[in-house]
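Nothing here was measured: the structure is a model prediction, and the numbers come from that model. Quick note: numbers below take in every heavy atom, side chains included, and nothing from hydrogens, waters or symmetry partners.
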Amino acid sequence: MTENVVHLHKNTEAPADEASVTTLTVVPEAPPTRPVPLWVRSGRAVKTVATHERTKTTVRAVARHGLYTFNGGRIVARRTWDGRTGARYERMIRAAEAAGNNELAEEWEERLQRFRDARHRRRMDLLHSPVEVAKGAAVGTGMGVGTLVALGVVMAINNGDVKDVITPLAATIDFIGLLIRIVQVVWGPALTIGPFLALLALWAVGSKQQAAPQWALPANVRSGEGEPITPSIVVQALRHLGLPALRKAIKEMGDAGASMLSPIAIAGCGVEVDVNLPLEVSTVEIQQRRRKLAENLNRHEHEVYITIPQAARTVRLWIADSGALDEPIGPSPLVIDETMTANYKTGKAPWGRDLRGDAAELSVYQRHLLITGRSNQGKTAALRSLVLWLALDRSVQFWVADLKGVGDWSMLYGIADVLIEGPSDDHCIQATEMVEDAVAEMNRRIEVRKSDPGAVFRPLIVLVDEAQKAFMCPAVDDAKRPYGGSKATSRYFMAARTIHNQGRAVDVLLWQGTQDPTDQNLPKLVREGAHTRASLVLGSESQAKMALGDKAVEDGAAPHMLRQGLDKGTLVVASDGIDMPKGQSSITVRTHFIDDDPAKAIADRARALRDGVTTLTVIERGEERDPLADIAAAIGDASRLPTTDVLKRLAMLSEDAYGRWTNGDLKRVLEAEGEEPKKSHGRMVVHRDHVLRALANRDDEGSASAAQ
């Protein structure tokens with residue numbers, strides 16, 4: 001019983017008339033702590049021991065080695081059964097029939113028949129073997145004894161002793177007796193040790209085959225990573241995918257699901273298999289469980305790709321070898337082969353390798369291009385490898401706007417006619433004006449094509465890297481028209497749309513690289529105008545559909561499943577310019593990375609193919625000048641002047657207008673007036689009379705137009 005302790009306190013702070021009052025405080029004494037029963041402490045100790053990691057490890061080890069021995073016996077028994085019967089052949093026949101390969105099934109059936117015939121002959125031979133063995137033993141014994149006696153006779157004649165006749169026979173009998181004594185000595189220990197040796201052999205077989213449950217295997221083996229993909233593993237992975245209809249259908253199949261699978265084929269650094277799904281299961285349900293399927297196959301999510309081939313109700317699984325996708329794919333052929341050339345019309349750019357390990361080559365002929373993805377994932381590198389290859393075709397022109405402005409495209413000096421580098425609004429404005437100039441060039445070519453349907457033009461690649469900056473540029477021009485945006489008044493948007501609509505017909509192509517696509521930084525009408533659409537890692541499925549289109553994503557394209565930072569340079573490509581398996585609408589490509597120094601070396605080779613291209617770094621918008629009149633002024637009183645001297649004098653007239661002119665610019669202006677430069681003594685020259693005649697003809701045409 002708990003006792004209360006009474007404490008007496010005198011209240012000294014109370015008023016004088018209450019000072020004598022004593023306060024009583026009753027403090028209950030804490031109850032004594034009850035001892036923990038012995039059985040509770042014992043239970044806790046048992047629980048601690050049972051749940052200790054060392055105990056778990058011991059239990060797993062005992063179970064593992066015991067099951068190694070037991071299952072090793074099962075494996076040996078099955079191997080023996082397979083060797084003595086036709087069970088192996090029958091399994092192969094069923095598998096071939098399930099896969100629909102009747103030719104292979106007939107081949108295995110023929111092998112089974114040959115096996116049965118050979119087994120029948122062996123059994124018939126066994127019926128006659130006892131008699132034959134007895135005859136052979138009698139004949140052998142008689143011949144052996146006769147031989148020994150004959151040997152003894154020879155010894156007796158040689159030694160002169162009759163006793164030597166039986167010496168060989170006696171020695172043989174003694175040797176046989178020695179063997180019997182050895183067997184008698186060894187037989188006892190052999191009977192004792194033999195079972196242990198047999199168990200050790202069974203354990204070795206089970207250990208080699210890892211014949212134990214996953215929970216009992218060591219930690220480094222229990223993960224199953226690197227395990228070869230077999231039909232049974234694929235079926236088990238599908239069966240445990242969490243789809244009751246699929247599990248039920250597999251259970252009801254007579255072949256345990258083998259008929260669902262096509263033959264497993266090696267495909268690059270992995271394997272590929274088609275799965276024909278039961279009626280109750282849709283391909284979408286399998287795609288939505290990619291991670292679970294990968295885990296069931298003992299793979300990481302990024303090591304399993306699910307695509308939809310042409311066959312109905314079928315998914316195609318590509319399963320990588322464990323860790324293979326983290327290995328480099330090797331250098332670009334552009335770096336290795338210094339003799340490589342390019343052809344815009346018939347050639348294909350060596351872009352990288354697909355998941356099967358085959359070379360992935362892209363045709364860029366009359367195809368607008370869009371590459372998107374998160375920042376610092378290899379977008380510029382993927383674009384640059386295409387440009388460096390195409391630069392080896394001297395007929396191709398490049399106008400480039402790098403709105404990142406960190407020097408990624410600086411190797412194009414002397415190759416590109418225009419190169420704008422910088423992230424500011426002014427650079428975005430210049431990029432917009434560059435695209436608008438491309439529209440004007442496109443319209444000029446279209447007009448020429450109307451009068452001359454067979455006219456051929458130099459391909460013009462208009463490339464804008466970090467194009468989202470141009471779309472989001474807040475600047476407006478003097479007419480209050482915005483440079484950025486996605487409305488009909490947006491200058492960049494409308495220029496890009498115009499090139500997409502008509503540019504490919506006259507080989508004016510727009511290539512864009514942009515970050516995470518949204519309706520703000522990549523309007524729908526522009527992204528859907530690209531013939532080749534490629535995407536690096538993205539953040540969501542909705543962005544993947546913006547980048548590649550709904551069709552590609554619904555068929556299995558999944559750039560949003562790539563790993564940020566780990567899958568740099570891995571692109572999901574939707575294009576008819578790249579070879580892909582029949583029925584697929586996209587392909588995954590691991591692109592080659594060309595570093596700065598190799599890129600400069602390739603650019604040097606491209607520059608050597610070209611005739612002194614002068615690269616404009618700023619789009620000038622100065623005073624209007626009359627090029628033909630300026631050419632006449634530059635020639636002066638001379639009857640003719642070399643084109644190089646004309647260019648120098650033009651630059652002196654106006655550095656802004658003519659400082660970056662080339663022979664091609666001069667020729668273009670004169671050809672438009674019907675008076676192109678002529679060759680004289682091996683040099684191209686411009687005749688003063690020809691220029692004056694062109695001016696007079698132009699003035700006459702202008703006067704006639706005014707009079708009318």
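When all heavy atoms are compared, the tightest approach of E285 to V281 is OE1-CA, 3.6 Å. Across L241 and R289, no two heavy atoms sit closer than the pair O-CD, 3.3 Å. Considering all non-hydrogen atoms of both residues, V304 and R290 come closest at O-NE, 2.8 Å. Summarising the geometry of S385 relative to L334, their closest heavy-atom pair is O-CD1, 3.8 Å, with the distance given to 0.1 Å. Considering every non-hydrogen atom in both P559 and L536, the closest pair reads CB-O, 3.3 Å. Among all heavy-atom pairs drawn from A557 and V572, the shortest one is CB-CG1, 3.7 Å.
Note that CD1 of I306 and CH2 of W318 are 13.0 Å apart. Values are rounded to the nearest 0.5 Å. Remark: S535 OG to L562 CG distance equals 7.5 Å, nearest 0.5 Å. Distance check: T314 OG1 to I286 CD1 gives 11.5 Å after rounding to the nearest 0.5 Å. Taking CG of N376 as the start and CD of Q564 as the end, the distance is 8.5 Å to the nearest 0.5 Å.
Here the side chains of Q287 and I308 are in contact, with some heavy-atom distance below 4.5 Å. Side-chain contact between K348 and W389 is absent, with no heavy atoms from C-beta onward closer than 4.5 Å. Proximity of L178 to I182: side-chain heavy atoms (C-beta onward) are separated by under 4.5 Å at one or more points. When side chains are defined from C-beta on, V315 does not count as touching T307, because their heavy atoms never get closer than 4.5 Å. Between H592 and P333 the shortest side-chain heavy-atom distance falls below 4.5 Å. At a threshold of 4.5 Å between non-hydrogen side-chain atoms, the residues L243 and R247 do not count as touching. In this structure, T570 and V589 have side chains that are not in contact, with every pair of non-hydrogen atoms separated by 4.5 Å or more. Between N298 and I233, every side-chain heavy-atom pair lies at or beyond the 4.5 Å cut-off.
In this structure, the side chain of Q543 engages the main chain of G539 through a donor-acceptor pair within 3.5 Å. With hydrogens and angles disregarded, no donor-acceptor distance shorter than 3.5 Å links the side chain of S542 to the backbone of S540. In this structure a side-chain-to-backbone donor-acceptor pair under 3.5 Å is present from D567 to R563. With hydrogens and angles disregarded, a donor-acceptor distance shorter than 3.5 Å links the side chain of H240 to the backbone of Q236. No donor-acceptor pair under 3.5 Å is formed between the side chain of S575 and the backbone N or O of T532. Under the 3.5 Å distance criterion, the side-chain polar atoms of E303 are left unmatched by any main-chain donor or acceptor of A294. For R239 (side chain) and K248 (main-chain N/O), no donor-acceptor pair under 3.5 Å exists by modelled atom type.
Ion pairing between a basic and an acidic side chain is recognised when a charged N comes within 4.0 Å of a carboxylate O; E110 and R114 show such pairing. The pair R111-E107 meets the salt-bridge criterion, since a charged nitrogen lies less than 4.0 angstrom from a carboxylate oxygen. For R590 and D354, the salt-bridge test fails: no basic side-chain N is under 4.0 Å from an acidic carboxylate O.
The side chain to side chain donor-acceptor pair (under 3.5 Å) test with R291 is passed by exactly one of H300, H302, E301: E301.
Around CD1 of I266, the count of heavy atoms belonging to other residues, nucleotides or ligands within 6.0 Å does not exceed 12. By the 6.0 Å contact criterion, NZ on K292 is open, its count of non-hydrogen atoms from other residues, nucleotides or ligands being 12 or less. Other residues, nucleotides and ligands contribute more than 12 heavy atoms inside 6.0 Å of the CZ atom of R119.
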Quick one, M260 with L238, criterion side chain to side chain contact (heavy atoms under 4.5 Å, CB included). Give me CA distance, side-chain angles, the key distance, then yes/no. CA-CA 10 Å; M260 295 169 43; L238 294 169; 3.7 Å; yes

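In this structure, R316 is not positioned above the aromatic face of Y305 in the sense of NZ or CZ being under 6.0 Å from the six-membered ring centre and within 45° of the axis.
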